Amino acid sequence: MNEKASNEARLLPWTGLGGRPCYVVGNGTGRVSQAADKVEDQQLSMALELLDHADDLLADERSTEIQLRHVSAALTHSLRDVHRVARSRGLRLGIPDESGEEHSSGTGLVRLLP
């Protein structure tokens, strides 16, 4: 990855109070960035496990509406996490953010004023 300037903020894989996006400022080598990397890896791993579970439920004709609603809610939550990870990683690679500032996961990588 390209080395990031120290006056850029990274979108973190978790939200703050009220679901607001969280950011860390720096070059990506600090403790918060390392923790964010671990959380992103966990979120992506959990998404794969959830997909396997959803596949099993959909293949089982005995699955109940409640089970399907539960897995749908979990998939929705997981998809939000994975989307935030993709946006954060894409922005760090220099891919433009087309989601806009109004997106609930935040603006992604932002340049701060000096």
Side-chain angles (χ1 to χ4, degrees):
M1 258 189 262
N2 296 339
E3 189 171 324
K4 176 168 76 159
S6 62
N7 66 339
E8 290 182 339
R10 170 188 175 180
L11 176 64
L12 295 173
W14 54 78
T15 58
L17 296 174
R20 293 177 50 176
C22 291
Y23 302 90
V24 64
V25 177
N27 62 7
T29 61
R31 289 184 189 170
V32 174
S33 290
Q34 291 172 357
D37 290 340
K38 288 180 183 178
V39 169
E40 285 181 354
D41 289 343
Q42 289 172 344
Q43 288 172 329
L44 295 174
S45 176
M46 289 172 59
L48 286 175
E49 290 177 24
L50 183 57
L51 284 170
D52 288 342
H53 180 61
D55 283 338
D56 292 342
L57 278 176
L58 290 171
D60 186 352
E61 293 179 11
R62 297 171 296 161
S63 296
T64 67
E65 180 182 342
I66 291 172
Q67 289 172 313
L68 294 173
R69 288 178 60 83
H70 178 74
V71 79
S72 295
L75 285 166
T76 301
H77 180 82
S78 181
L79 186 56
R80 280 192 186 97
D81 289 344
V82 170
H83 181 258
R84 186 179 296 110
V85 170
R87 287 184 67 223
S88 180
R89 290 182 179 187
L91 289 161
R92 285 182 278 151
L93 291 172
I95 299 169
D97 182 5
E98 303 296 334
S99 297
E101 292 184 22
E102 300 301 318
H103 194 274
S104 61
S105 64
T107 57
L109 189 68
V110 294
R111 182 163 303 276
L112 302 176
L113 298 175

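Source: prediction; values computed, not measured.
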*Distance from Arg80 atom CZ to Thr76 atom OG1, nearest 0.5 Å?*
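Answer rounded to 0.5 Å: 6.0 Å.
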
_Ser33 OG to Glu40 CD distance, which is reported to the nearest 0.5 Å_ = 9.5 Å

Considering non-hydrogen atoms only, spot the tightest contact between [X] and [Y] and give its length.
{"X": "Pro13", "Y": "Val39", "value": "CG-CG1, 3.8 Å"}
{"X": "Ala47", "Y": "Ser78", "value": "CB-OG, 3.3 Å"}
{"X": "Thr15", "Y": "Cys22", "value": "C-SG, 3.6 Å"}
{"X": "Asp37", "Y": "Arg92", "value": "OD1-NH1, 4.2 Å"}
{"X": "Val85", "Y": "Gln43", "value": "CG2-OE1, 3.3 Å"}
{"X": "Arg62", "Y": "Gln67", "value": "O-OE1, 4.2 Å"}

_Side chains of Asp81 and Arg84, heavy atoms from C-beta outward: is any pair under 4.5 Å?_
yes

*Any side-chain heavy atom of Leu12 within less than 4.5 Å of one from Tyr23?*
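They are not in side-chain contact.
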
Hydrophobic cluster membership, with links at side-chain heavy-atom distances under 4.5 Å among I/L/V/M/F/W/Y: are [X] and [Y] in one?
{"X": "Leu57", "Y": "Leu50", "answer": "yes"}
{"X": "Val82", "Y": "Met46", "answer": "no"}
{"X": "Leu58", "Y": "Leu75", "answer": "yes"}

*Just by modelled atom types, is the Leu68 backbone N or O under 3.5 Å from a matching donor or acceptor in the Ser72 side chain?*
yes

